[in-house]
Asker: 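Just dropping this structure here.
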Amino acid sequence: MRMKKSPRSTPRTVVVAVRMHEAVGRIRLEGILRFLRRDRDWRIRLFETEGALSSDTLAAALKDGVDGFIAFQKLAPDLWRTLAESGVPTVSLESSYPPDLPPTPALRLVRMDDEGIGRLAARHLTSVGNFRAFAFVPTPDETRWSARREAGYRDALAAAGHTCTTCPPSCLSSTEGEEPLQDWLRTLPRPFALFAATDVLAVRVLTACRAARIDVPHQAAVLGTDDAEIICDNASPRLSSIRFVTERQGALVARELEKLMDGTSRGPNLLPWTYHVLVPRESTSPVAPAAQLIRRALALIDRRATTGLSVKALAHELGVSRRLLELRFRQFKGTTVAAALDARRFDELFRRLADTDEPIARVASACGFRDLTNLARRFKARTGLTMRAWRTQA
């Protein structure tokens, strides 16, 4: 995979180890490729699964010549040792550096704000209902990042006056199928709220709840992590989740690797990644009729605000009067329907300005803004910058 030419006389060879079968891997890789579109001459060598990168394949790659290494997957200790000894500039996002190896100047580790993800989960679940119990489902092998998410979740619940019950790992790795998980869920007082370390685990919980005759979201609220849309949108009910991966994550890693290869990186070995946002769906929905109306309205706003959807058209789609819709929005959201539509359009506008190179007029139209002059005035009032200047800074 060859990118654009730069003033360098020879291209740089960069190895990227990434799980392409996972959505987060593809998103991160796209972030790298977007970063490289701006006159950088890199040759990318992909290792697309954990099994594809062994001691032998890494040694062969290093022998052929490698200028930089990016890891979006776990690395075995022997691979870390080889990389450390080679001195190749390395940026890793998902692999834990062996504690017995001293950090090298050519190494950067990007750490997720897993505690922050846990705190966000607690804030969301405590806001959607009055639950008698709160629970957490860790990864079966009790990974470090799972433990950090649990710690953040547990601390935030404690600050709000709640305790947390953790699912025993034996319920998730038992040879008895899903029955141990179902039995554990039955012990939780209803209604309960549950946060799972991953979307895959959350879907297992949803399946076990159905088998145990626990109604989600009426008797339990279930929240996952990753926001893998193909999983969340096809779960029953659709799964609420926390998104923490964007293309900018890939760009951050690529930018830091470039600094390491240029010898201009002087920062700490540990780089934080603090982005996370709640994506609500039916699995954590409030169930009062008025709350259901707001949930349906927000779902339509999320999907269709950028098409130019009006307040009148939204009320018609929901089968209620505009007056009732406005009243419920003020009661439940403390804002107007028009403001919610506007916020969704601006969110998409900021995303497209930062993540694409499309002309500004085309971006504005795609986000549902029809008057570019009016938008330019409102954008500057919000940010203090023109759209072009904001894009340059972003």
Side-chain angles (χ1 to χ4, degrees), residues 1 3 6-20 24-25 28-29 31-33 35-36 40-116 141 143-148 244-245 248-275:
M1 188 182 299
M3 306 312 294
S6 70
R8 284 176 53 86
S9 58
T10 58
R12 282 168 163 160
T13 298
V14 174
V15 171
V16 179
V18 58
R19 291 186 293 268
M20 290 294 290
V24 294
R28 288 163 175 162
L29 180 60
I32 293 175
L33 299 182
F35 175 79
L36 296 182
R40 289 174 174 87
D41 196 3
W42 290 17
R43 286 178 176 165
I44 301 294
R45 290 193 59 184
L46 281 181
F47 289 89
E48 299 183 29
T49 64
E50 291 180 17
L53 189 63
S54 64
S55 298
D56 292 339
T57 54
L58 177 59
L62 292 173
K63 184 177 180 181
D64 291 340
V66 172
D67 296 291
F69 188 95
I70 292 174
F72 287 140
Q73 63 182 42
K74 294 178 182 178
L75 298 180
D78 60 319
L79 298 181
W80 270 123
R81 189 167 289 103
T82 299
L83 285 169
E85 292 173 354
S86 72
V88 170
T90 299
V91 183
S92 173
L93 193 144
E94 285 197 355
S95 186
S96 297
Y97 193 69
D100 60 319
L101 286 179
T104 69
L107 170 69
R108 296 292 181 269
L109 301 172
V110 181
R111 182 184 161 185
M112 309 296 300
D113 181 18
D114 292 299
E115 293 89 346
D141 52 353
T143 53
R144 293 181 184 177
W145 51 263
S146 174
R148 291 196 294 264
F244 58 87
V245 174
R248 296 181 195 177
Q249 199 176 57
L252 167 72
V253 169
R255 186 178 297 111
E256 191 61 31
L257 180 64
E258 183 175 67
K259 291 178 183 177
L260 285 172
M261 292 189 296
D262 289 341
T264 60
S265 178
R266 299 290 184 268
N269 286 94
L270 194 64
L271 302 175
W273 175 258
T274 59
Y275 172 88

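Note that the structure is predicted; figures quoted are calculated from it, not measured.
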Asker: Given side chains that start at C-beta, do those of Phe47 and Thr57 come closer than 4.5 Å, heavy atoms only?
Answerer: yes
Asker: Considering only heavy atoms from C-beta outward, does the side chain of Phe72 approach that of Val110 to under 4.5 Å?
Answerer: no
Asker: For residues Leu46 and Leu29, determine if any side-chain heavy atom of one lies less than 4.5 Å from a side-chain heavy atom of the other.
Answerer: yes
Asker: So do the side chains of Asp67 and Pro89 get within less than 4.5 Å of each other, counting heavy atoms only?
Answerer: no
Asker: Using 0.5 Å steps for rounding, measure from the CG atom of Asn269 to the CG atom of Leu109.
Answerer: 7.0 Å
Asker: In Å, rounded to the nearest 0.5 Å, how long is the span from OG1 of Thr13 to CH2 of Trp42?
Answerer: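 It comes to 11.0 Å.
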Asker: In Å, rounded to the nearest 0.5 Å, how long is the span from CZ of Phe244 to OG1 of Thr274?
Answerer: 13.0 Å
Asker: Under a 3.5 Å distance rule, please check whether Trp145 uses its side chain to pair with a backbone N or O of Arg111 as donor and acceptor.
Answerer: no
Asker: Taking the side chain from Ser146 and the backbone from Arg144, do they hold a donor-acceptor pair closer than 3.5 Å?
Answerer: no
Asker: So, Arg28 versus Gln249: side-chain donor-acceptor pair below 3.5 Å or not?
Answerer: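 Yes, Gln249 and Arg28 have a side-chain donor paired with an acceptor closer than 3.5 Å.
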Asker: Search all heavy atoms of Ala17 against all heavy atoms of Leu53 and return the closest pair with its distance.
Answerer: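 In this case the closest contact between Ala17 and Leu53 is CB-CD2, 3.9 Å.
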Asker: Hey, does Trp80 have a side-chain heavy atom less than 4.5 Å from the side chain of Ser92?
Answerer: yes
Asker: With sequence neighbours excluded, tell me which residues meet side chain to side chain donor-acceptor pair (under 3.5 Å) with Asp100.
Answerer: Arg81
Asker: Determine the minimum heavy-atom distance between Ala106 and Gly87, stating which atoms define it.
Answerer: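 Closest pair (atom of Ala106, atom of Gly87, distance): CB-O, 3.7 Å.
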Asker: Using a 4.5 Å cut-off on heavy atoms from C-beta on, say whether the side chain of Leu107 contacts that of Val91.
Answerer: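 When only atoms from C-beta onward are counted, Leu107 and Val91 do not touch, as no gap falls below 4.5 Å.
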Asker: Grab the two heavy atoms, one from Leu257 and one from Thr90, that are nearest each other, plus how far apart they are.
Answerer: CD1-N, 4.2 Å
Asker: Verify, without hydrogens or angle tests, whether Thr264 (side chain) and Leu260 (backbone) share a donor-acceptor contact under 3.5 angstrom.
Answerer: no
Asker: Check step by step if side-chain contact (heavy atoms from CB on, under 4.5 Å) holds for Val15 and Ile70.
Answerer: CA-CA 6 Å; Val15 171; Ile70 292 174; over 6 Å; no
Asker: Would you say the side-chain atoms of Arg108 pair up with the backbone N or O of Pro105, donor to acceptor, closer than 3.5 Å?
Answerer: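 Yes; at least one donor-acceptor contact below 3.5 Å.
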Asker: Using 0.5 Å steps for rounding, measure from the CG atom of Asp78 to the CG atom of Leu58.
Answerer: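 Result: 9.0 Å between the selected atoms.
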Asker: So do the side chains of Leu36 and Ile44 get within less than 4.5 Å of each other, counting heavy atoms only?
Answerer: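 Leu36 reaches Ile44 side chain to side chain.
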Asker: Heavy atoms, side chains only, cut-off 4.5 Å: are Asp113 and Arg148 in contact?
Answerer: no
Asker: Looking only at atom types and distance, does a side-chain atom of Tyr275 sit under 3.5 Å from a main-chain N or O of Arg248, one as donor and one as acceptor?
Answerer: no
Asker: Atom CG of Asp41 and atom OG1 of Thr10: how far apart are they, to the nearest 0.5 Å?
Answerer: 8.0 Å
Asker: Could you pull out the closest heavy-atom pair between Pro98 and Pro77, with the gap in Å?
Answerer: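 Closest heavy-atom pair between Pro98 and Pro77: CG-CA, 4.1 Å.
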Asker: Taking it one step at a time, do Tyr97 and Thr104 satisfy side-chain contact (heavy atoms from CB on, under 4.5 Å)?
Answerer: CA-CA 11 Å; Tyr97 193 69; Thr104 69; 4.1 Å; yes
Asker: What verdict does the side-chain contact (heavy atoms from CB on, under 4.5 Å) test give for Arg12 and Arg43, after you've listed the backbone C-alpha separation in whole Å, the side-chain angles of each residue and the deciding distance to 0.1 Å?
Answerer: CA-CA 6 Å; Arg12 282 168 163 160; Arg43 286 178 176 165; over 6 Å; no
Asker: Give a yes/no verdict on a cation-pi contact between Arg40 and Phe35, requiring under 6.0 Å between NZ or CZ and the six-membered ring centre and an angle within 45° of the axis.
Answerer: yes
